[in-house]
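Positions are given from 1, in the same order as the sequence printed here. The model shown is predicted, which means the values in this text are computed figures rather than measured ones.
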Amino acid sequence: MNLIKDRLQPNGLFMKMFLITVALIILVAITVTLTTIRMAEQFFVEKFSITNSQIIDQIQYDFEELNYSIVMAATDIGQSSTIEAYLSEKEPDNERIMSLYLVMSQIDHLREQLGDQNVEIAIADQDAISYRTNFTYWPAAPTDIRNHDITETITKEPNKLLYFQDSREASDNYVIAAKALLDRETDQSYGAVYFPIKEGQLRSFYTDYVKPGNDFYVLDQNGKVVSSSLTNAIGQSLPELSQQAKNMQADEETYREVEFQDTNQIMLAEYLPYFDMYLVNMVDKQTAVGNLIDTKQIALLLAGVVVLALIIVFLVTKRLTNSLSKLVKDIEAVPKKGLKRRLVYEGTYETNQIGLAFNSMMDELQVYVEKLIEAQKQQRHAELAALQQQINPHFLYNTMASIKFLVMMGEREEAEKTIDAFITLLQNTIGNVDESVTVELELQNLKNYVLINQKRYGDRIQVQFMVSPDCLDYLIPKLILQPFIENSFFHAFNKTAEGTITVLVWKEADDLVCEVADDGDGMAACADLPNTNRNRQLFSGIGVKNVHERIQLLYGTEYGVSITSETGQGTKVKLRLPAVKEEERDVI
């Protein structure tokens, strides 16, 4: 997890841009797809409704043709004096047989005129059916029909040809067209004519247009199914469908989308005025639209487009952010690789401008730092020079007195050594104003200083040097060991008659460690470094604390001076500073 996080961290801008773009692409793709599907569905529904409206018009035309044929037949029967005389029993009995024959011939002739409409004819007087063209076609009992609601209704509206739904058996469904027969002079009913039509005849008008999910219903005013492409629905009551058809007629709608039998349906309806019924076309939207719109293919196409877009976005975004990510890495590496490092910028215009501005800023910063370092060097040189001017006159007087004493005692050779050491010491401290010197030169100064002090105070304090040969060329700040030699000489052996001061220099990893240890009186442990820069008549007056501060000023707070001491056990001073040679001095 951390490895993935580390790899993604430098590409944070790329990942954010990429993820945001991916989210937007998916959102836009889904939105466009859903909108397109919705528009396609709407377009299909509108086109489908136009097509089905034309089909319904054709079906309505067939219904009207049927109605026209029946109306013509009913009119002819109503105007026939022979049929009227027969049904009214106005003829003598001996002529009724001949009259019946004429009636049968006339009715059969009218039946033939109906052609292939598959409609039969029955006439009835006031009591029962007198004649029918096909008994088996409509097996209604002769007396039953006169007591039927059909006869009662047409008696109330004698001038109209009315249609009724009738069922003889479970599978025999009929639509009966009926009309009262009236005396032309008295307008009194003398009988009725019936045109039984099997439901299959009506269904034949729309059977050719029936498809899966595309069904037709013929409903009466009460919502009863008179005819349907779904035979099991015939005779059922669907008032909600009838009400929807009435609402469509009132609103003059060509079609509407409705919820019917738990499915979304496209509904078209047409009123059949001669039948006083509704022709309804119900289309299952899922079946119809689902066949038109291949959702799986659209999903695959959408996935392909999204994947292609993501690949393009990935490549383009990666290319645009690569230069910026590289620039960020280069900027982050500047503190580790120094202020002299400059960016190699390439890529977009914005990246080039940032790189150019950063390099310009680094140029100005380097100039400023160099000036600051130079000013600090000059300040330290001035401070060192000032310290060098503080060489205690008493040290000079006592040294010169010691040399005079050696000359007077005839120890010419010792006097010459002391003079040489004194001259060398003065040259390295006063003549050389460099801030840093090699360990070898610092040891030479220490040895001269020790030699002079031993000539003045005797050999009760011995000094030994243990320096690793590979450390002689490393640089250390000038006069950082002398204050501790001086401190041991004049403070470590007040109670102890004699002793040894040991100077050690070695290297630990990248650090140079210098140690000044004595086996003198020691002192109680203290938290802070002792400040030996007080009014003592010593050589330089450069204090222990001053040395510690100089080291930290030059190299940082991880370096400095530490002192360990215990009463009666001596004192050990350790200096830690970076191991730097002359050629490695300028790191900036």
Beyond-backbone contact of Trp506 with Met466, side-chain heavy atoms, under 4.5 angstrom: no

Heavy-atom count check: over 12 atoms from other residues, nucleotides or ligands less than 6.0 Å from Tyr368 OH? no

Atom of Met282, atom of Val280 and distance for their closest heavy-atom approach: SD-CG1, 3.7 Å

Mark yes or no for whether Glu515, through its side chain, and Leu504, through its backbone, hold a donor-acceptor pair below 3.5 Å. no

Does the pair Asp251 and Arg256 meet the rule for a side chain to side chain contact (heavy atoms under 4.5 Å, CB included), with working shown? CA-CA 11 Å; Asp251 298 338; Arg256 66 169 48 180; 3.3 Å; yes

Does either side chain, that of Thr557 or that of Gln552, offer a donor lying less than 3.5 Å from an acceptor on the other one? no

Just so I know, are the side chains of Val283 and Asn52 near enough to count as touching, which here means a heavy-atom distance under 4.5 Å? yes

Using a 3.5 Å distance criterion without hydrogens, assess whether the side chain of Asp519 forms a donor-acceptor pair with backbone atoms of Gly570. no

Tightest non-hydrogen contact, residues Phe260 and Gln265, listed as CB-CG, 3.7 Å

Please test Glu374 against Lys371 for salt bridge (Lys or Arg N to Asp or Glu O under 4.0 Å), starting from the C-alpha separation and ending with a verdict. CA-CA 5 Å; Glu374 184 62 27; Lys371 289 181 179 178; over 6 Å; no

Indicate the atoms forming the closest heavy-atom contact of Leu241 with Met267, along with that distance. O-CE, 3.5 Å

Backbone of Leu356 reached by a side-chain donor or acceptor of Ser360 within 3.5 Å: no

Answer whether the closest heavy-atom distance between the side chains of Phe465 and Ile501 falls below 4.5 Å. no

Apply the test salt bridge (Lys or Arg N to Asp or Glu O under 4.0 Å) to residues Asp518 and Lys572: give CA-CA distance (whole Å), side-chain angles for both, the deciding distance (0.1 Å), then the verdict. CA-CA 6 Å; Asp518 66 66; Lys572 184 181 295 182; over 6 Å; no

Counterpart residues, ring-ring contact (aromatic ring centres under 6.0 Å, His included), relative to Phe314 (two or more places apart): Phe14, Phe18

Rounded at 0.5 Å granularity, tell me how far CG in Leu512 sits from OH in Tyr555. 9.0 Å

At their closest point, which heavy atom of Gln454 faces which heavy atom of Asp459, and how far apart are they? CB-OD1, 3.7 Å

Given the ring of Tyr474, does Lys507 sit roughly above its face, with NZ or CZ under 6.0 Å from the centre of the six-membered ring and within 45° of the axis? no

Less than 4.5 Å apart, side chain to side chain, heavy atoms only: is that true for Asn445 and Leu443? no

Is there side-chain contact between Cys514 and Val503, with heavy atoms separated by less than 4.5 Å? no

Is there a donor-acceptor pair closer than 3.5 Å between any side-chain N or O of Asn487 and the backbone N or O of Pro483? no

Validation row: Val407, Arg412 side chains within 4.5 angstrom (heavy atoms): no

Test item: side-chain donor near acceptor, Glu240 and Gln244, under 3.5 Å: no

Determine whether a donor-acceptor pair (N or O, by modelled atom type, separation under 3.5 Å) exists between the side chain of Thr263 and the backbone of Glu259. no

Here the gap from Leu310 atom CG to Leu315 atom CG, rounded to the nearest 0.5 Å, amounts to 11.0 Å

Distance from Leu268 atom CG to Tyr255 atom OH, nearest 0.5 Å? 9.0 Å

Once side chain to side chain contact (heavy atoms under 4.5 Å, CB included) is applied, do any residues pair with Met408, and if so which ones, sequence neighbours excluded? Lys404

Please test Leu300 against Gln297 for side chain to side chain contact (heavy atoms under 4.5 Å, CB included), starting from the C-alpha separation and ending with a verdict. CA-CA 5 Å; Leu300 291 176; Gln297 186 176 7; 5.7 Å; no

Can you find a pair of side-chain heavy atoms, one from Leu575 and one from Val573, that are under 4.5 Å apart? yes

Before you tell me yes or no, could you show the steps for Leu308 and Ile312 under side chain to side chain contact (heavy atoms under 4.5 Å, CB included), namely the whole-Å CA-CA distance, both residues' side-chain angles and the distance that decides it to 0.1 Å? CA-CA 6 Å; Leu308 179 61; Ile312 295 175; 4.2 Å; yes

Using a cut-off of 6.0 Å, state whether more than 12 heavy atoms not belonging to Met39 lie near its atom CE. no

Check step by step if side chain to side chain contact (heavy atoms under 4.5 Å, CB included) holds for Thr571 and Phe484. CA-CA 10 Å; Thr571 301; Phe484 303 105; over 6 Å; no

For Thr502 and Gln464, run side-chain hydrogen bond (donor to acceptor under 3.5 Å, both in side chains): C-alpha distance rounded to whole Å, both residues' side-chain angles, the deciding distance at 0.1 Å, then the answer. CA-CA 5 Å; Thr502 304; Gln464 57 182 1; 2.9 Å; yes

Determine the sole option in Leu472, Leu475, Asp473 for which the side-chain contact (heavy atoms from CB on, under 4.5 Å) test with Thr438 is passed. Leu475

Taken to the nearest 0.5 Å, the spacing of Phe358 CZ from Leu365 CG works out to 9.0 Å

Among side-chain atoms of Asn214 and Asn281, is any donor-acceptor pair under 3.5 angstrom? yes

Ignoring hydrogens and geometry, is there a side-chain-to-backbone donor-acceptor pair from His548 to Gly560 under 3.5 Å? no

So which heavy atom on Phe422 is nearest to which on Ile452, and how close? CA-CD1, 3.6 Å

Run Glu508 and Arg576 through salt bridge (Lys or Arg N to Asp or Glu O under 4.0 Å) and show every step you take. CA-CA 9 Å; Glu508 287 184 2; Arg576 181 176 293 275; 2.9 Å; yes

Return yes when atom CD of Glu558 has more than 12 non-hydrogen atoms of other residues, nucleotides or ligands closer than 6.0 Å, and no otherwise. yes

Is it the case that more than 12 heavy atoms not belonging to Asp510 sit under 6.0 Å from its CG atom? no

For the residue pair Glu498 and Arg460, what are the closest heavy atoms and their distance? CB-O, 3.0 Å

Quick one, Val561 and Ile563 - any side-chain contact, counting heavy atoms below 4.5 Å? yes

Asp521 side-chain N/O to Thr496 backbone N/O, donor-acceptor pair under 3.5 Å: yes

Please round to the nearest 0.5 Å and tell me the distance separating atom CD of Gln366 and atom CD1 of Ile373. 9.5 Å

Rounded to the nearest 0.5 Å, the CG atom of Asp215 sits from the CD atom of Gln261 at a distance of 9.0 Å

